[in-house]
Amino acid sequence: MELKYYRYFAKQYPLTVVGTLIILIIGLVALVAPLISPHDPLQLHLADRLLPPGHTYLLGTDEMGRDLFSRIIYGARLSLAAGVGIVSIAGIFGTVLGSVSGFLGGKTDLIIMRLMDIMLAFPSLVLALALSAALGPNFRNSILAVAVVKIPVYVRLVRGQTLSVKEKHFVKAAQTFGASKVWIISRHIIPNCLAPVMVQATLGIGEAILIAAALSFIGLGAQPPAAEWGAMVSVGRTYLLDQWWYATFPGIAIFITVVGFNLFGDGVRDLLDPRFRH
Amino acid sequence: MEPLLKIKDLHVDFLSYAGAAHALNGIDFELFPGEFLGLVGESGSGKSLTANSVLGLLPRKNAVIAKGSILFEGEELVGKSEREYQALRGKKISMVFQEPMNALNPAFKIGSQVTEILKLHQGVTAKKARTEAVRWLARVRIPHPEEIMNVYPFELSGGMRQRVLLAMALSCGSKLLLADEPTTALDVSIQAQILRLIRDTTDSLGTSVLLITHDLAVVAQTCQRVAVMYSGNIVESGPVSNVLRLPRHPYTKALLQALPHLDGPIKALQSIPGTVPNLLTPPSGCRFHPRCSVAEKRCQADRPKLLSVAENHYVACWRESHHV
Amino acid sequence: MSKPILSLREVVKEFPIRGARGNLSFRAVNHVSLDVFPGETVGLVGESGCGKSTLGYMVMDLLPITQGEILFEGQKLADASKVERRKLQAKIQIVFQDPQSSLNPRFRIGQIVEEPLRLNGWRDKRERKNLVLQLLSKVSLGEEYLRRYPHELSGGQRQRVAIARALSLNPQLIVLDEPTSALDVSVQAQILNLLRELQQNLNLSYLFISHNLAVIRHLSSKVAVMYLGQIVEISGTDDLFAKPLHPYTKMLLSSVPNLNDERPLEVAVESEMPSAMHPPSGCSFHPRCPQASELCRQFNPELQRVNDLHWVSCHNFTQKEEETKGDA
């Protein structure tokens with residue numbers, strides 16, 4: 001039954017299949033990076049600086065003579081980690097805050113939601129930039145910064161969902177058995193809010209990767225010599241006119257990854273939509 | 001007399017990832033001019049689907065009329081284009097629904113929605129349409145129709161909304177009114193008013209009504225004839241007094257015994273064992289046989305046809321109509 | 001007569017409304033008194049918005065009461081300590097209208113029925129499982145349902161699960177809030193029969209809330225008719241259906257389509273229930289009442305005794321009584 005459903009779905013939504021394939025391939029590449037990369041991504045070949053794509057260096061080399069192809073392969077690890085890390089942290093905190101806020105209502109709700117409003121009042125990139133700079137520029141802090149900035153999205157989503165779930169009779173029934181608030185939120189509210197969170201999260205991975213790359217591009221994220229796509233584009237930018245490949249290939253990698261996650265996210269949204277099942 | 005609506009061997013399939021569901025499995029019935037016919041059945045029996053097929057409102061993406069014909073005034077409706085259907089809808093066939101709120105646009109005043117319909121179908125001037133609209137609102141016994149013209153749907157009660165929809169449905173001289181559970185969402189006292197209103201207004205206009213309902217008691221007090229549906233088939237049809245007093249099909253009998261009554265001694269209710277079959281894997285032969293207390297071997301093997309057992313009284317059951 | 005298991009004394013529920021025209025409140029339940037005795041079923045009938053579900057929620061302590069008191073086995077719920085309250089509460093359970101909404105779609109049937117046990121001190125897993133199986137068998141569901149999810153069940157089966165869950169803490173009173181309204185007729189009969197059987201076997205009391213008079217008649221021994229937050233008539237079931245005294249009860253009874261009647265439905269007065277936010281003066285039914293007098297427009301009638309079980313709140317009733325007394 002389930003298998004049949006997915007097969008039917010795949011036929012109806014070919015683009016989702018493309019997105020899924022892209023993600024699977026990138027995931028696989030990240031996983032087996034040491035096995036498939038022809039060179040060490042950090043190894044300097046000072047004699048082979050800024051070489052164009054060729055036999056030895058498939059996509060050319062950078063200003064230190066490092067192999068771009070290997071660096072892009074290793075970069076998949078960082079980008080995936082950034083994307084998944086950001087939405088996981090934001091999703092978990094957002095879900096807890098949102099469900100507590102929606103279920104308890106009153107002052108708690110007021111305080112949490114006003115805090116979120118304040119955060120939403122800033123452009124997310126600017127806020128992430130400020131946070132990242134304050135925490136100190138490194139890869140882990142940049143992920144934390146972006147995650148914090150993304151929390152309000154999930155809080156709002158889950159709070160709205162909670163408001164409707166808490167009116168369901170199974171919540172009322174649990175109250176009549178003497179269930180505590182923690183019990184109701186963790187067993188009844190949150191599990192029934194997860195579907196939209198999953199959709200939001202998959203749709204958000206692409207954007208999260210972009211922002212993380214942007215922070216690295218500015219110099220607030222992954223630090224040299226880490227093979228991070230955003231950072232590579234950033235340095236490659238100065239060589240764009242003469243060594244076009246340097247900035248172009250990491251850029252294409254970012255582009256494909258983000259498109260892959262967006263296509264996948266659209267599919268997940270439709271797949272989890274109960275209306276589709278009928 | 002020529003029937004106004006004649007449905008013959010209508011099959012509707014729903015396509016889904018899990019396969020084709022035979023939601024309507026060969027429906028036959030006729031509706032005569034000025035007649036009030038009840039189409040009664042439990043959820044999933046296909047009663048609403050029948051009405052939607054007549055109006056061409058089946059979801060085009062996954063529902064198909066696999067077989068059969070729908071004749072309206074002698075004209076074949078199956079295979080008509082969306083454009084041709086639009087010419088029919090509201091003009092010759094109209095429909096009222098269970099949820100009157102969904103059928104009215106919340107952003108427009110009642111007056112503009114009623115006059116819109118009149119302008120569209122009758123091509124009258126705005127001024128004429130307005131006086132007509134007020135006349136129609138009065139006809140469905142809405143108090144102070146002039147004032148109601150200027151309110152929004154949310155300001156009206158469910159009963160009043162249903163009256164407005166009825167006015168809209170009848171105002172263009174429809175010959176056939178499809179009423180899909182028009183009173184299910186309403187309170188009993190309002191239900192009585194609306195049922196009475198539908199009956200009175202359609203009587204005076206000579207409109208035929210197909211009333212779709214799950215409530216046999218509603219059928220008893222409003223319809224002349226009734227068709228009982230079960231799992232995509234009509235299992236019994238005939239004059240209300242025959243079908244409800246002297247039911248012949250085991251399903252109709254069981255349904256009547258399952259109902260608590262308002263008068264008479266209180267008896268234990270006879271429930272029907274089991275549940276409504278899954279339309280993706282319907283039982284072979286007569287679809288009621290797994291729940292039927294008198295099922296025989298042939299009920300499992302072959303599907304019984306709807307055959308006459310008395311004047312105008314038809315039953316699809318091997319034990320009743322197929323004396324071989 | 002034995003002591004009532006549940007007593008409502010002059011219960012009032014007001015909901016505040018914050019509006020543009022200042023803070024108002026509307027009375028959903030207006031001085032309602034009602035007794036439920038052990039083993040009996042009290043039917044609470046009325047149209048939507050009459051306050052019958054609000055009353056059920058207050059009995060369940062899902063809504064606080066504004067005024068009056070609710071006594072369970074003679075004990076005031078509001079006065080009980082937290083521990084006592086919880087003990088008392090366990091003896092009252094509720095079955096909701098829509099079993100789709102009353103079962104958590106992410107729980108398996110076993111977990112759903114088990115939940116009240118887990119929350120009320122059954123620590124031993126095996127013991128809980130045995131109890132759950134017993135409960136499921138009480139509602140004629142087999143062991144194979146334990147691991148299924150609600151969406152795999154039909155409406156009737158889901159309602160059986162909800163009933164099994166309500167039985168889990170050995171309640172004495174079950175509030176049935178339109179338990180069959182979302183079900184098909186054939187399934188409704190199954191559930192009504194089950195409820196009746198359970199009542200006999202377990203000596204349960206029911207507070208049966210419904211808009212369906214035929215269903216109420218089938219199950220109840222006593223019926224209270226509510227209109228705009230008030231009980232307008234209360235009586236033994238047979239008496240009420242045979243000799244309704246309040247004009248609203250009469251109107252309700254004549255509005256319900258009757259299977260055994262083929263005459264077109266009669267509509268005496270075409271009118272709708274007024275909004276509870278702007279209740280009419282005097283007797284709340286007077287705008288729809290064919291016999292309304294000046295007295296009805298000004299004063300709200302009190303419930304008057306007809307006989308021990310039958311009470312009605314209507315000015316016209318007294319007048320008639322006095323007339324007949326005068327004649328005699």
Side-chain angles (χ1 to χ4, degrees), chain B residues 40-45 141-143 157-160 183 185-197 199-200 203 213-224 240-241 244-245 251 254-264 266-276 291, chain C residues 45-50 153-157 180-194 196-197 211-220 227 237-238 241-242 248 251-275 288:
Chain B
V40 68
E42 299 182 286
S43 50
S45 61
R141 298 183 208 141
I142 289 179
S157 67
M160 283 299 153
T183 57
L186 305 174
D187 280 323
V188 271
S189 65
I190 311 298
Q191 160 168 286
Q193 294 171 18
I194 298 291
L195 287 175
R196 188 63 203 249
L197 178 71
R199 190 165 160 147
D200 290 352
D203 252 3
T213 178
H214 66 282
D215 190 341
L216 282 166
V218 162
V219 168
Q221 290 203 273
T222 40
C223 302
Q224 295 149 357
V240 166
S241 44
L244 298 188
R245 288 311 145 253
Y251 176 65
L255 209 52
L256 284 165
Q257 280 171 342
L259 274 175
H261 291 254
L262 275 177
D263 42 26
I266 294 175
K267 292 175 288 196
L269 302 172
Q270 298 288 312
S271 58
I272 308 176
T275 49
V276 176
R291 303 175 73 189
Chain C
V45 71
E47 299 180 283
S48 53
C50 73
L153 270 55
S154 69
Q157 289 167 335
T180 62
S181 300
L183 304 175
D184 275 321
V185 176
S186 64
V187 183
Q188 165 175 290
Q190 294 172 10
I191 299 296
L192 290 177
N193 286 342
L194 173 70
R196 179 165 258 210
E197 189 187 299
H211 69 280
N212 186 327
L213 282 158
V215 170
I216 284 267
R217 175 172 181 263
H218 189 78
L219 215 65
S220 314
Y227 185 75
T237 307
D238 295 338
F241 282 82
Y248 177 63
M251 187 188 93
L252 266 188
L253 280 170
S254 73
S255 309
V256 184
N258 188 340
L259 203 55
N260 305 326
D261 194 350
E262 276 163 39
R263 288 167 304 176
L265 284 163
E266 277 172 43
V267 179
V269 184
E270 286 220 347
S271 58
E272 301 198 347
M273 186 141 89
S275 150
R288 303 176 77 182

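In this text the structure is predicted, and so the values were computed from the model without any measurement.
- No side-chain donor from either of C/Q190 and B/S271 sits under 3.5 Å from a side-chain acceptor of the other.
- B/T275 touches chain C through its side chain: at least one heavy atom from C-beta onward sits under 4.5 Å away, while N, CA, C and O do not.
- Neither the backbone nor the side chain of B/D200 comes within contact range of chain C; no heavy atoms are under 4.5 Å apart.
- Heavy atoms of B/L216 lying under 4.5 Å from chain C belong to its backbone as well as its side chain.
- Only the side chain of C/N193 comes within contact range of chain B, judged by heavy atoms closer than 4.5 Å.
- Here the shortest heavy-atom pairing between B/D215 and B/V40 reads N-CG2, 4.2 Å.
- Within the 4.5 angstrom heavy-atom criterion, no atom of B/P143 approaches chain C.
- A heavy-atom distance below 4.5 Å is found between the side chains of C/L252 and B/V188.
- The residue among B/R196, B/Q257, B/R199, B/K267 with the most heavy atom pairs within less than 4.5 Å of chain C is B/R196.
- By number of non-hydrogen pairs under 4.5 angstrom with chain C, the leading residue of B/L197, B/I272, B/I266, B/L262 is B/L262.
- Interface residue C/S154: only side-chain heavy atoms are found under 4.5 Å from chain B.
- For B/I190, the parts lying near chain C are the backbone and the side chain together; criterion is any non-hydrogen pair under 4.5 Å.
- Atom OG of C/S186 is separated from atom CD of B/Q270 by 12.5 Å, given to the nearest 0.5 angstrom.
- Between chain B and the residues C/S48, C/G155, C/G46, C/G156, the largest count of heavy-atom pairs under 4.5 Å involves C/S48.
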